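Notes to accompany the following structure.
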Protein chains: 2
Amino acid sequence: MNSQEEVIDFVINGHKDYLPHVSIDSVIFGYHHQQLKILLLKWIGHIGWGLPGGFIKRREPLTDAAYRILKERTRLSDLFLQQFHVFGDSPYRAQERSPAEFREKYGAVTSEDNWLFQRTLSIGYFALVDYSKVDITTDFFTNDFYWCDVNEVPFLLFDQNEVVEMALKMLRLAIYHQPIGYNLLPEKFTIPEIHSLYQTILGKELDQRNFSKKLLTLGLIKKLDERRSIGPHRSPYLYQFDKANYEEALKEGIVHTY
Amino acid sequence: MNSQEEVIDFVINGHKDYLPHVSIDSVIFGYHHQQLKILLLKWIGHIGWGLPGGFIKRREPLTDAAYRILKERTRLSDLFLQQFHVFGDSPYRAQERSPAEFREKYGAVTSEDNWLFQRTLSIGYFALVDYSKVDITTDFFTNDFYWCDVNEVPFLLFDQNEVVEMALKMLRLAIYHQPIGYNLLPEKFTIPEIHSLYQTILGKELDQRNFSKKLLTLGLIKKLDERRSIGPHRSPYLYQFDKANYEEALKEGIVHTY
DNA sequence: TTCTATTCTGTAATATTTACGCAATTATTT
DNA sequence: AAATAATTGCGTAAATATTACAGAATAGAA
């Protein structure tokens, strides 16, 4: 959605293509420099930042919509995506939008009952992506983005701070049940890297020896014969996820501590 | 909703009061005679059974709607209620309804674009209720109900078999993270009762000695000085949930096996 | 009193988790 | 070539948690 015509058409006629009253918000997690980050977008004309999101096409399965929205934004299709909650306890989310605002920002003439001003429930998805492979697309609505440390999330539009908080909580729950990492790390990684990833996600220290023992015992990762050169230090071995066991664990679930 | 006038008004004008395109489906679990049951309703005119559910009022918080729908149906307000998934991958749920059907069943004259024929996402909630305290209300749409063993769920309307399956899966997941039982059992209960409840929910045998040891160690239940008389057998002691520890565990989560 | 069905209780073996420190490695600096 | 600084890699013992398992006690009915 890049030209003004397209935007105006979306505002005026979008309800013909998309379901009103329901939207998708995505919390996209990436990992970089030992930090867990989420992708935030600058919505044109708004002071604050917000989550990437979008609407569901009228004949589009929900899951497809979630993947589409993510792909439009990140160009990634290989990622971990999971629905985690529907937000709808604040019935007035739409009150932050108005015809005046739309005229000003987009030059779109709308009436009070335009579909975008109506109450909208938001279905929250969280995604795990390989930060280095992401290629963010901005558009007419969103003219800027940044990767924000999860510990330093600014005030967000609507009730999206709650969405982020819940996403993090659900990610931390998920990490006890399913293997996490495949979509956040490069193909090959070192123990210190994955160790640090888990510590970052859980927000607490994990004994490195016990941690690697655990992953190896579970069969989730396997040691390669290569090492990485990391400057004036001992060269760490590289590891890889064990595809078969990883998939199995994803399906079956695991119960463990780290 | 009991008179035909009310129903017709709902069909024709419901979209003014309720959000279209979104509904709530509740899987209400009860426990009786060592069986885990769910509440099914007979929808008037349909051959099959379906889940209780309803729509969200335009200015009603989502959570409130879920509680309201449950209360209208069961008259209970003290229960465990948890959102677990949004179903929307089958965009054609509404195709099972038509103007002809509505004219026939309810005497309501509708057009193809009536709000009830449009695609509707369904937000799944599961509830845990004390079977003995429930007082089911039927209405014009639903003229019968029954408590159905979770292992013998018949073919349900729309994609609701999937909803039930997922609810059960999420309940089984929940039982590892939060104390469950307070809303399924009477105030005072015996070890064999709660033991059997857990076995039933998890669908597997649990060593009774280890099980009670676990609950006691976690501090979730406490032994009372009373016993229950159960016929020609040794009288079991009664237990109660430890309110404080139970709430704590609900909030903090627990990780354990049984 | 006996019978039957059910509750109640403890311990030993096994498995898992936790705690913990030092030698090896690497490139850079001296 | 040796010293340095920062980092990785590795093993074991103690503590804790889980599992497996059986027989005595009880209550009412016969």
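Only a predicted model underlies this, so the values are computations on that prediction, with no experimental measurement involved. In what follows, every chain begins at residue 1, and chains take the letters A, B, ... in the order their sequences are listed.
- Relative to the ring axis of B/W49, B/K42 places its NZ or CZ within 45° and under 6.0 Å from the centre.
- D/dA17 atom P lies 15 Å from atom CG of B/L216, rounded to whole Å.
- Between A/T138 and A/N143, the side chains place no donor N or O within less than 3.5 Å of an acceptor N or O (distance only, hydrogens not considered).
- Scanning atom types as modelled, one donor and one acceptor separated by under 3.5 angstrom connect the side chain of B/K213 and the base of C/dT11.
- The distance from atom OH of A/Y237 to atom C1' of C/dT26 is 13 Å, rounded to the nearest whole Å.
- No hydrogens or angles considered: a donor-acceptor pair under 3.5 Å links the side chains of A/Y31 and A/S196.
- Checking A/T142 against A/R73 by side-chain atom types alone, a donor-acceptor pair falls below 3.5 Å.
- Map B/N210 and A/Y239 each onto its nearest nucleotide of DNA chain D; the residue landing nearer the 5' end is A/Y239.
- B/K214 places its NZ atom 15 Å from the P atom of D/dT16, with the value rounded to the nearest Å.
- Using a 4.0 Å cut-off on heavy atoms, the residues of residues 227-236 of chain B that approach DNA chain D are B/R227, B/S229, B/G231, B/P232, B/H233, B/R234, B/S235, listed by number.
- Going from atom CG of A/L206 over to atom C1' of C/dT16 covers 16 Å, rounded to whole Å.
- Annotation: the span from B/L81 atom CG to B/N183 atom CG amounts to 10.0 Å, rounded to 0.5 Å.
- A salt bridge does not link B/K251 to B/E247: none of the charged nitrogens lies less than 4.0 Å from a carboxylate oxygen.
- Put simply, the side chain of A/K223 and the base of D/dT8 share no donor and acceptor less than 3.5 Å apart.
- Remark: P of D/dT8 and CZ of A/R209 are 13 Å apart, rounded to the nearest angstrom.
- A salt bridge is absent between B/K169 and B/E165: the closest approach of a Lys/Arg side-chain nitrogen to an acidic carboxylate oxygen does not fall below 4.0 angstrom.
- Rounded to whole angstrom, the span from the CZ atom of A/F211 across to the P atom of C/dT16 amounts to 18 Å.
- Ion pairing between a basic and an acidic side chain is recognised when a charged N comes within 4.0 Å of a carboxylate O; A/R75 and A/D135 show such pairing.
- Distance CG (B/D207) to P (C/dT7): 14 Å, rounded to an integer number of Å.
- The stretch residues 184-198 of chain B does not touch DNA chain D, since none of its heavy atoms comes less than 4.0 Å from the strand.
- Computed from coordinates, the A/E205 CD to C/dC20 P distance equals 13 Å when rounded to whole Å.
- Using a cutoff of 4.0 Å between basic side-chain nitrogens and carboxylate oxygens, B/R228 and B/E193 are scored as salt-bridged.
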